[in-house]
Amino acid sequence: MKKILFLHGFYASGQCVPAVALRECFEGEADVITPDLPMHPKEAVSFIRGLIDSEKPDLLIGNSCGSFYAQMVASVVGVPALLGNPYFQMAEFLKQRIGEHQYKSPRKSGNQNFVIDETLIEEFTEMEAIQFNNCNLNFKDRIWGLFGEKDTLAHFEPTFLKHYNKSFHFPGEHTPTADEVRNWYVPLAKELLSALQMCK
């Protein structure tokens, strides 16, 4: 059975709506792994790399900050990716939200509280400066972007298209609903997996 690793957004968890919808949609077809990601970016990328080494997924699917991470690791580890509403300027996003917050979906640790501070912002700033360093020509058609037409948060399709070739739209907002995952994310994920199978 195929394996898919889903990387959630900054305020989310492995139990967010897109994660649950993906697991349900691929039941019996693919094992969808939906971990809680560490809040700090270097720790998150290290965690993702370790998970890829151990689980060997066939595909990465990200949303928002999860797509930011997926883009950075996909070419390096040789795993294709579907980037849902990628957020390539997380530091700017966080600068407007300094203070205490709560995750919007349950975390396995039970800790729902976190703090956005200057240290976290600086970590994202450092990572953003090198986020496209590992792009390579062989992956221009193996990393696909999916952009919500009503997304009021992320507007990074032009940035995406400077590095990759395949961009798609869906009539939704920044965080997809279960129906949007079913109708847009899943078919594209299956198409990407099928395209890879034909290349082997």
Donor-acceptor under 3.5 Å (D36 side chain, K108 main chain): yes
Could you tell me whether W144 and F168 have their ring centroids closer than 6.0 angstrom? yes
Going by side chain to side chain donor-acceptor pair (under 3.5 Å), name the residues that satisfy it together with E126, two or more places apart in sequence or in a different chain. K42
Run through Y164, F160, F132 and flag the one making a ring-ring contact (aromatic ring centres under 6.0 Å, His included) with F88. F132
Partners of H163 by side chain to side chain donor-acceptor pair (under 3.5 Å), sequence neighbours excluded? none
Shortest non-hydrogen pair, R182 vs P187, comes out as O-CD, 3.3 Å
In plain terms, say whether E55 and K3 are close enough for a salt bridge, that is, a side-chain N and a carboxylate O under 4.0 Å apart. yes
Partners of Y87 by ring-ring contact (aromatic ring centres under 6.0 Å, His included), sequence neighbours excluded? F93, F156
Strictly under 6.0 Å, is that where the ring centroids of F170 and Y185 end up? yes
State whether the side chain of S64 and the backbone N or O of G66 hold a donor-acceptor pair below 3.5 Å, judged by distance alone. no
Can any side-chain N or O of Q71 pair as donor or acceptor with the backbone N or O of L83 at less than 3.5 Å? no
State, to 0.1 Å, how close F6 and G62 come at their nearest heavy-atom pair, and which atoms those are. CE1-C, 4.3 Å
Does L153 offer a backbone N or O that forms a donor-acceptor pair with the side chain of E173 under 3.5 Å? no
Is there a donor-acceptor pair under 3.5 Å between the side chain of S194 and the backbone N or O of K190? no
Short question: side chain of H40, backbone of E123 - any donor-acceptor pair under 3.5 Å? no
For A74 and I143, which heavy atoms make the closest approach, and how far apart are they? CB-CD1, 3.7 Å
Might you confirm whether atom CD of E149 has over 12 heavy atoms from other residues, nucleotides or ligands at distances under 6.0 Å? yes
S105 side chain to S13 main-chain N or O, any donor-acceptor pair under 3.5 Å? yes
Please tabulate, for side-chain N and O atoms in residues 19-28, each donor-acceptor pair with protein atoms closer than 3.5 Å (sequence neighbours left out).
unit_1 : atom_1 : unit_2 : atom_2 : d
R23    : NH1    : G14    : O      : 3.1
R23    : NH1    : T34    : OG1    : 2.6
R23    : NH2    : Q15    : OE1    : 3.3

Between L5 and I52, what is the shortest heavy-atom contact and its length? CD2-CG1, 3.9 Å
Keeping to residues at least two apart or across chains, list the side chain to side chain donor-acceptor pair (under 3.5 Å) pairs with something in residues 130-140. none
Going by the rule side chain to side chain donor-acceptor pair (under 3.5 Å), which residues pair with H155 if we only count those two or more places apart in sequence or in a different chain? none
